[in-house]
Peer 1: 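Shown below is the structure under consideration.
Residue indices begin at 1 and follow the sequence shown.
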Amino acid sequence: MACGNLMKLSEDVGIYIFIRLPVKSLMRFKSISKALYVLIGSTTFANLHLNHATITKDELILFKRSTKEQSEEFKNVLSFISHTGDDGYIPLQPDLNVPHLTNDYGSLFHHLIGPCHGLIALTDSVVTVLINPATRHYRQVPPCPFGCPKGYHRTVEGVGFGFVSILNDYKVVRLSDVFWDPPYGYAEGRDSKVDVYELSSDSWRELEPVEVPPIYYLSCSEMIYKEGVHWFASKEKVVILCFDIGTEIFRNMDIPDAFYSIRQSRYGLLVLNECLASICYNDPGCAIDPTQDFLHIWIMKEYGISESWIKKYTIRSLNVESPLSFWKDQFLLVESKTGQLIYYDVNSDEWKELGLQGYRTSLRVIVYTESISSIHSGREHATQVQRF
């Protein structure tokens, strides 16, 4: 065998081995030689490593919660959790303090969005931080420069984050309502504004005016699926509003018809069995007949086709503040009415506690696969990539 073929074989074997290693080990190998630094730091290798981890479904949990420190101050932390395989759960690494975001009452409304090709966005609507949970790298997205004319005020109603495979780039989208503020009385009128940030160019741009229905805020929404960001919105009725990150086009999708007949209900968006899933559950702030306290979970078999909704589960809930995520298509993670992270096992039909607590309504969860994907540092004077 020629020397060149031997070298190629050796390189292929090395890649075959390296894509199976955890990110922590790969970070150490990067410091051994320049060749390994270039290989492990390449986009091609990052994609191979992420694809392998996705196929093997080696999933971890990123858990955000807030705890009240003083009368108006909150401490916001990220926790990393793994499943031991015997209904046990263990923490990975120490908790991390959340950087840059609000630490007042607004911290209860922080959102985790993703994962998107290995990265996650954590936002309080005004400030957004991009995070690679595996490498512990993060970077603050620069502030959006677009305001509104004098005499008007602008409120950010929704934020999205996604990866565009055809461009090999990440985008952040921000939906805002602009109102005229008269000197006396209530704000009048409403215009929609849509801003998009591209990580590769490290810049914001404002899209052409487009009519977007008002966002219907719910803690279990702002979800990325199939390179589209999804929110709930209020039209004549509640709909799923989708923004295609690649084409930058909006569209509406109906929720299951059965949801409209359930009184005092709230909704959530998840991914289950690789399908878009919608959850309907009773409003935790309303008095509910215990015999009617259920979670109804439907999946959309054909994405974008509202007629393809089928019911998957009906679960007795009793103590649910908000659904959070599905893990391994078996465990439904939810926040209880007392601020605990609990889960329902669809196989055993049991509710269990994870022993993790936060301030009520502050819990957020992302199920992610470890990736060595890097966060671009941007231009010379841009915000810099940092490490927890």
Side-chain angles (χ1 to χ4, degrees), residues 61-80 94-114 120-131 133 136 138-148 152-161 172-179 181 186-187 193 195 197 204 214-223 229 231-232 266 268 283-285 320-325 333-341 356-366 383-384 386-388:
I61 289 177
L62 177 63
F63 171 52
K64 176 266 168 185
R65 68 186 185 276
S66 301
T67 57
K68 198 166 187 178
E69 298 290 289
Q70 300 176 16
S71 58
E72 299 297 332
E73 289 289 321
F74 289 83
K75 181 181 180 182
N76 305 296
V77 297
L78 299 174
S79 301
F80 302 85
D95 290 343
L96 302 176
N97 292 330
V98 174
H100 302 300
L101 304 187
T102 52
N103 62 355
D104 57 14
Y105 185 75
S107 68
L108 304 183
F109 305 100
H110 290 168
H111 273 270
L112 276 171
I113 311 170
I120 285 166
L122 178 57
T123 178
D124 62 8
S125 295
V126 177
V127 176
T128 301
V129 179
L130 304 184
I131 303 168
R136 306 299 197 264
Y138 71 92
R139 178 182 169 218
Q140 182 183 355
V141 172
C144 182
F146 306 120
C148 57
Y152 291 78
H153 77 269
R154 184 171 186 154
T155 61
V156 179
E157 299 296 327
V159 178
F161 171 63
V172 174
V173 58
R174 193 179 78 155
L175 311 185
S176 302
D177 286 345
V178 177
F179 295 92
D181 249 346
Y186 296 101
K193 296 292 183 182
D195 309 316
Y197 168 81
W204 286 90
I215 297 297
Y216 178 38
Y217 175 80
L218 290 164
S219 58
C220 187
S221 58
E222 295 192 326
M223 189 197 68
V229 184
W231 304 266
F232 287 104
R266 287 190 179 181
D283 188 331
V320 173
E321 173 69 33
S322 172
L324 298 173
S325 185
L333 298 159
V334 307
E335 177 181 351
S336 74
K337 293 179 182 178
T338 57
Q340 288 187 319
L341 182 61
L356 295 168
Q357 181 87 30
Y359 197 86
R360 185 181 174 189
T361 73
S362 75
L363 276 57
R364 302 289 184 269
V365 163
I366 286 288
T383 55
Q384 297 302 302
Q386 302 178 63
R387 198 169 191 275
F388 288 107

Peer 1: Might you confirm whether atom NZ of Lys68 has over 12 heavy atoms from other residues, nucleotides or ligands at distances under 6.0 Å?
Peer 2: yes
Peer 1: Please find the pair of heavy atoms, one from Asn97 and one from Phe388, that lie closest to each other, and give the distance.
Peer 2: O-CE2, 3.7 Å
Peer 1: Does Arg266 reach the side chain of Pro284, with side-chain heavy atoms less than 4.5 Å apart?
Peer 2: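 Sidechains of Pro284 and Arg266: in contact.
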Peer 1: To the nearest 0.5 Å, what is the distance between NE2 (His111) and CE (Met223)?
Peer 2: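 Result: 13.0 Å between the selected atoms.
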Peer 1: Look up atom CG in Asp104 and atom CG in Asn76, then write down how far apart they are to the nearest 0.5 Å.
Peer 2: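 Going from the CG atom of Asp104 to the CG atom of Asn76 covers 9.0 Å.
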Peer 1: Is there a donor-acceptor contact under 3.5 Å from the side chain of Thr128 to the main chain of Val141?
Peer 2: no
Peer 1: Minimum heavy-atom separation for Ile120 to Pro133, with atom names?
Peer 2: CD1-CG, 3.5 Å
Peer 1: Test your reading of the model: is there a side-chain donor-acceptor pair from His110 to the backbone of Thr102, 3.5 Å cut-off?
Peer 2: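 Indeed, once roles are kept as given, a pair shorter than 3.5 Å links the two residues.
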Peer 1: So, taking the atom named NZ in Lys64 and the one named CG in Leu62, what distance separates them when rounded to the nearest 0.5 Å?
Peer 2: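 Here the rounded value is 11.0 Å.
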Peer 1: With sequence neighbours left out, what residues match Phe109 under ring pair (Phe, Tyr, Trp, His ring centres under 6.0 Å)?
Peer 2: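 Scan of Phe109 (ring pair (Phe, Tyr, Trp, His ring centres under 6.0 Å), adjacent residues dropped) gives Tyr105, Tyr217.
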Peer 1: Please enumerate all residues that pass ring pair (Phe, Tyr, Trp, His ring centres under 6.0 Å) together with Phe146, with sequence neighbours excluded.
Peer 2: none
Peer 1: Nearest 0.5 Å, please: how far is CG in Leu101 from CG in Leu122?
Peer 2: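 Answer for the CG-CG pair, Leu122 versus Leu101, is 4.5 Å.
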Peer 1: Tell me, with the steps shown, if Glu157 and Trp231 meet side-chain contact (heavy atoms from CB on, under 4.5 Å).
Peer 2: CA-CA 10 Å; Glu157 299 296 327; Trp231 304 266; over 6 Å; no
Peer 1: Within this structure, what is the NZ-SG distance for the pair Lys193 and Cys144, rounded to the nearest 0.5 Å?
Peer 2: 11.5 Å
Peer 1: Using the side chain to side chain contact (heavy atoms under 4.5 Å, CB included) definition, which of the options Leu363, Leu112, Ile61 pairs with Leu324?
Peer 2: Leu363
Peer 1: Quick check for you: to the nearest 0.5 Å, what is the distance between Leu108 atom CG and Thr361 atom OG1?
Peer 2: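 Going from the CG atom of Leu108 to the OG1 atom of Thr361 covers 4.5 Å.
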Peer 1: Is the backbone N or O of Thr338 less than 3.5 Å from a side-chain atom of Gln357, with the two atoms forming a donor-acceptor pair by type?
Peer 2: yes
Peer 1: Is there a donor-acceptor pair closer than 3.5 Å between any side-chain N or O of Trp204 and the backbone N or O of Pro142?
Peer 2: yes
Peer 1: May I ask you to test the Val172-Thr123 pair for a side-chain heavy-atom distance under 4.5 Å?
Peer 2: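 Val172 vs Thr123: side chains apart.
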Peer 1: With side-chain contact (heavy atoms from CB on, under 4.5 Å) as the test, would you mind laying out the steps for Arg65 and Asp95 before giving the verdict?
Peer 2: CA-CA 11 Å; Arg65 68 186 185 276; Asp95 290 343; 3.5 Å; yes
Peer 1: Test side-chain contact (heavy atoms from CB on, under 4.5 Å) on Leu78 and Phe63 and set out the steps.
Peer 2: CA-CA 6 Å; Leu78 299 174; Phe63 171 52; over 6 Å; no
Peer 1: Check Ser107 against Phe74 and note the closest heavy-atom contact, atom names and distance.
Peer 2: OG-CB, 3.5 Å
Peer 1: Please give me the minimum heavy-atom distance between Ala121 and Leu130, naming the atom from each residue.
Peer 2: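 So the minimum-distance heavy-atom pair works out to CB-CD2, 4.0 Å.
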Peer 1: Just to verify, what does Arg364 make a salt bridge (charged side-chain N to carboxylate O under 4.0 Å, His left out) with, not counting sequence neighbours?
Peer 2: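 Partners of Arg364 by the salt bridge (charged side-chain N to carboxylate O under 4.0 Å, His left out) criterion come out as none, since no residue qualifies.
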Peer 1: Do you know which two heavy atoms are closest between Val129 and Pro99, and how far apart they sit?
Peer 2: CG2-O, 3.8 Å
Peer 1: Write down the atom of Cys220, the atom of Phe232, and the distance for their closest heavy-atom approach.
Peer 2: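 That closest heavy-atom pairing would be O-CE1, 4.1 Å.
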Peer 1: For Arg136, does its backbone N or O pair with a side-chain atom of Arg387 as donor and acceptor, under 3.5 Å?
Peer 2: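 Checked: no pair found.
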Peer 1: Quick one: does Glu335's side chain have a donor or acceptor within less than 3.5 Å of a partner on Ser322's backbone?
Peer 2: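 No; judged by distance alone, with no hydrogens or angles, the pair does not exist.
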